[in-house]
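Predicted model only: the values in this text are computed from it and were never measured. Proteins get letters first, then strands, A, B, ... in listed order; numbering begins at 1 in each.
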Amino acid sequence: MEGLNYMVEEFHKKYPHITVEPVYQGAYNDLHQKLQAAVAARDVPAVTNVEVSSLPNFADSGVFADLTPWIQRDQTNLADFSQGMLDAYSYNGKQFGFPLIVSTSVFVYNKTLLDELGVQPPQTWDEIEAFNKAVAIIENGETKRYAFSVPGWDAWYFDPWLINGGGQILTDDMSASAIETPESLRYAENFYKWISDGYMHMGYGTGASSNMRQNFLDGNIAMVQHTSAMIKTYRENASFEIGVSFVPGDVSRISNIGGAGIVMMEGAPDAEKEAAWKFIEHMTSAEHNIKWAEAVGYLPTRKSAIESEEGKQYFERWPQYEAVFAHFDDVTPRLKHIAYPEFRAHYIEVMGEMALNGQDPVPLLKEAANKINEVLKDYE
Amino acid sequence: MANVNKAKAASPGTAASVRRWGSYATLEKWKDFLFALPALAFLGVFLYYPLVNTIYISFTDWNMVRPDKELVGFKNYNWLFTNEDFYQSLQVTFLYTIMDVVLTLGFGLLLALLFNVSSKVYAFMRGVIFMPYYISMVIASMVFLWIYNGSYGFLNAVVGYFGIAPHDWLINPATVLPALVGVSLWKGVGFAMILFISGIRSIPVEYYEAAAIDGASRFHSFRYITLPLLSPMTLFLLITTFIASMQVFQSIHVMTNGGPLGASNAIVYWIYNMAFEQFRIGRASALIMIFFVIILVLTLLQWIVSRKKVHYEG
């Protein structure tokens, strides 16, 4: 964590009377588990990371401090942040955190191959059929090269498809499932068709992520939907040129925010909270935004940083990120519901049935909707 | 100390001595208790309090981060007993346990018979078989993750040599449990072997000599001497392996996350998932209590049934 050490050093230079002790907590699951234990033991850190889809759960239980008073007092310029990224860390109208390590899912493609074939990555759903036919190689019913791959192991990758098709995960008032409406099923019908035709690849289960990556690097898949945090890895390991394209759109064109934000714990003493606020300001400041993003491989979050001279140089070094920032405000929050981490398992499983057993997802998604409604009933 | 001396010095029968005897006995009683106190305090804090608290939490809808716990009666238990995932998870756990126990004990005994030879070469080979026992489960799981990988795994390279098509061992619901048992077997069979060997070596040679004089074959000696006299060791291994297998967690956590499609969602992994990913501590606690009772009953049952079958030497 060189990047973090640098940021902490800079902070200590600026505020010599505040001591920050970074403590590594492992993966998001481990972090959440430790946070839960810390809250139960009433011995909390002043400031922490939180994975974006778990924020509602902690915020709803009063674990995180509402940052609004500090934002008002110090007149923090919220307009400078990507609105989607900022909104991801609000809950019930209160700002509980700021985007810290931000990613979004994008299409990473084999630019060398697509240039050879004279094709562009699809920007809309309508262009996908033609793209598939131009790129995939199918011999005697066996796919030798897939046109593209969409991960089935995490809803983060296919929720944007559901939404871009005009669908919703829950109804507007969030009281019931909406994954079974005709609009919400459009993406699944398309996936099923593309998979059955042998054009589309969908990974699921243990090692699916590294398998997909390896297949892409070996030239067996021409384009993969993956987290922007992996762009660096792809570029370093590919023997061909890497291109990046925003996910294709239809009714809308969004991609969901991923990664983690920085939040303050409600249970910390007041003095520590004040110090925590200073640290949050520092970590998310425009001044360090580009350096921080480049060090950790995540995305810059502030408009002024991207437009600065440093930002321009960053895009010269990393032209792949330009496709992401052309859609800076289309990176939207995930569904904000406290039961989301629990009920999403039901429709992720449907993707598994489709990817592993070749099942038609439509009837299964209708069943999954019932299960989601049962979970929701429990949270009323 | 002075009190004790006085009590001893007093002659029995007088009123004063009876009273003194009383205080002496009380002191003795308290002394015993005081000696046990550190251990009791430890057990109380780390065993009984968590147990009682878990029972309490299992009747609430707590999510571990909210300060208030609302009592919901048997709701969590009802949810579990009417949920198909619960029965699937139980089935997964039992299937895993049966495979693991049978194979670990079976191969453990077989290896014990094969390697029970006093020579340096055999001692070395026993050491090699026992070695994986020292390796942490997490590391073993990481290694097997690579071995079982469908695209570039070692196992596919080996079976490919015999003309068998490559296979995604951990992604196919039919092979994921045997694959997980494979890791546990590789790690645990050496321990079973060593214990079986020590059991075999403690059987007096005279029995075998007498049987040989009576004309018993090697199979008969094994069937009527080794196996019955090994039964205490077998019972010990049966119960310890059974409990460990029922509680399988680490390999699942590292290798499959309960998948694919719940095919390796064993109870303990499910408890973890419920508590720390779905924030359902109440429901997870209810599952802990149910699981606790299941293991307790089955262990008692094994012990009662085997009491008649186990022969203790001497």
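Both the backbone and the side chain of B/Met64 come within less than 4.5 Å of a heavy atom in chain A.
A/Phe64 and A/Phe96 have their aromatic ring centers separated by at least 6.0 angstrom. Ring centroids of A/Phe240 and A/Phe216 are separated by less than 6.0 Å, placing the two rings close together.
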To see if you've got the definition right, give the donor-acceptor pairs under 3.5 angstrom between chain A and chain B.
{"from": "A/Asn29", "atom 1": "ND2", "to": "B/Glu277", "atom 2": "OE2", "distance (Å)": "2.9"}
{"from": "A/Gln33", "atom 1": "OE1", "to": "B/Tyr272", "atom 2": "OH", "distance (Å)": "3.1"}
{"from": "A/Gln36", "atom 1": "NE2", "to": "B/Ala275", "atom 2": "O", "distance (Å)": "3.4"}
{"from": "A/Ser61", "atom 1": "OG", "to": "B/Asn63", "atom 2": "ND2", "distance (Å)": "2.9"}
{"from": "A/Thr206", "atom 1": "OG1", "to": "B/Met255", "atom 2": "O", "distance (Å)": "2.6"}
{"from": "A/Asn211", "atom 1": "OD1", "to": "B/Ser151", "atom 2": "OG", "distance (Å)": "3.3"}
{"from": "A/Glu342", "atom 1": "OE1", "to": "B/Arg280", "atom 2": "NE", "distance (Å)": "2.7"}
{"from": "A/Glu342", "atom 1": "OE1", "to": "B/Arg280", "atom 2": "NH2", "distance (Å)": "3.1"}
{"from": "A/Glu342", "atom 1": "OE2", "to": "B/Arg280", "atom 2": "NE", "distance (Å)": "3.3"}
{"from": "A/Glu342", "atom 1": "OE2", "to": "B/Arg280", "atom 2": "NH2", "distance (Å)": "3.4"}
{"from": "A/Glu342", "atom 1": "OE2", "to": "B/Arg283", "atom 2": "NH1", "distance (Å)": "3.4"}
{"from": "A/Asp378", "atom 1": "OD1", "to": "B/Lys75", "atom 2": "NZ", "distance (Å)": "2.9"}
{"from": "A/Asp378", "atom 1": "OD2", "to": "B/Arg280", "atom 2": "NH1", "distance (Å)": "2.8"}
{"from": "A/Asp378", "atom 1": "OD2", "to": "B/Arg280", "atom 2": "NH2", "distance (Å)": "3.2"}
{"from": "A/Asp378", "atom 1": "OD2", "to": "B/Arg283", "atom 2": "NH2", "distance (Å)": "3.3"}

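For the 3.5 Å distance criterion, the side chains of A/Gln225 and A/Ser105 qualify, holding a donor opposite an acceptor.
Atoms CG and CG, from B/Leu95 and B/Leu177 in turn, are 6.0 Å apart once rounded to the nearest 0.5 Å. The structure places CG of B/Leu71 at 11.0 Å from CD1 of B/Ile57, a figure rounded to the nearest 0.5 Å. Interatomic distance, B/Phe74 CZ to B/Phe59 CZ, rounded to the nearest 0.5 Å: 4.5 Å.
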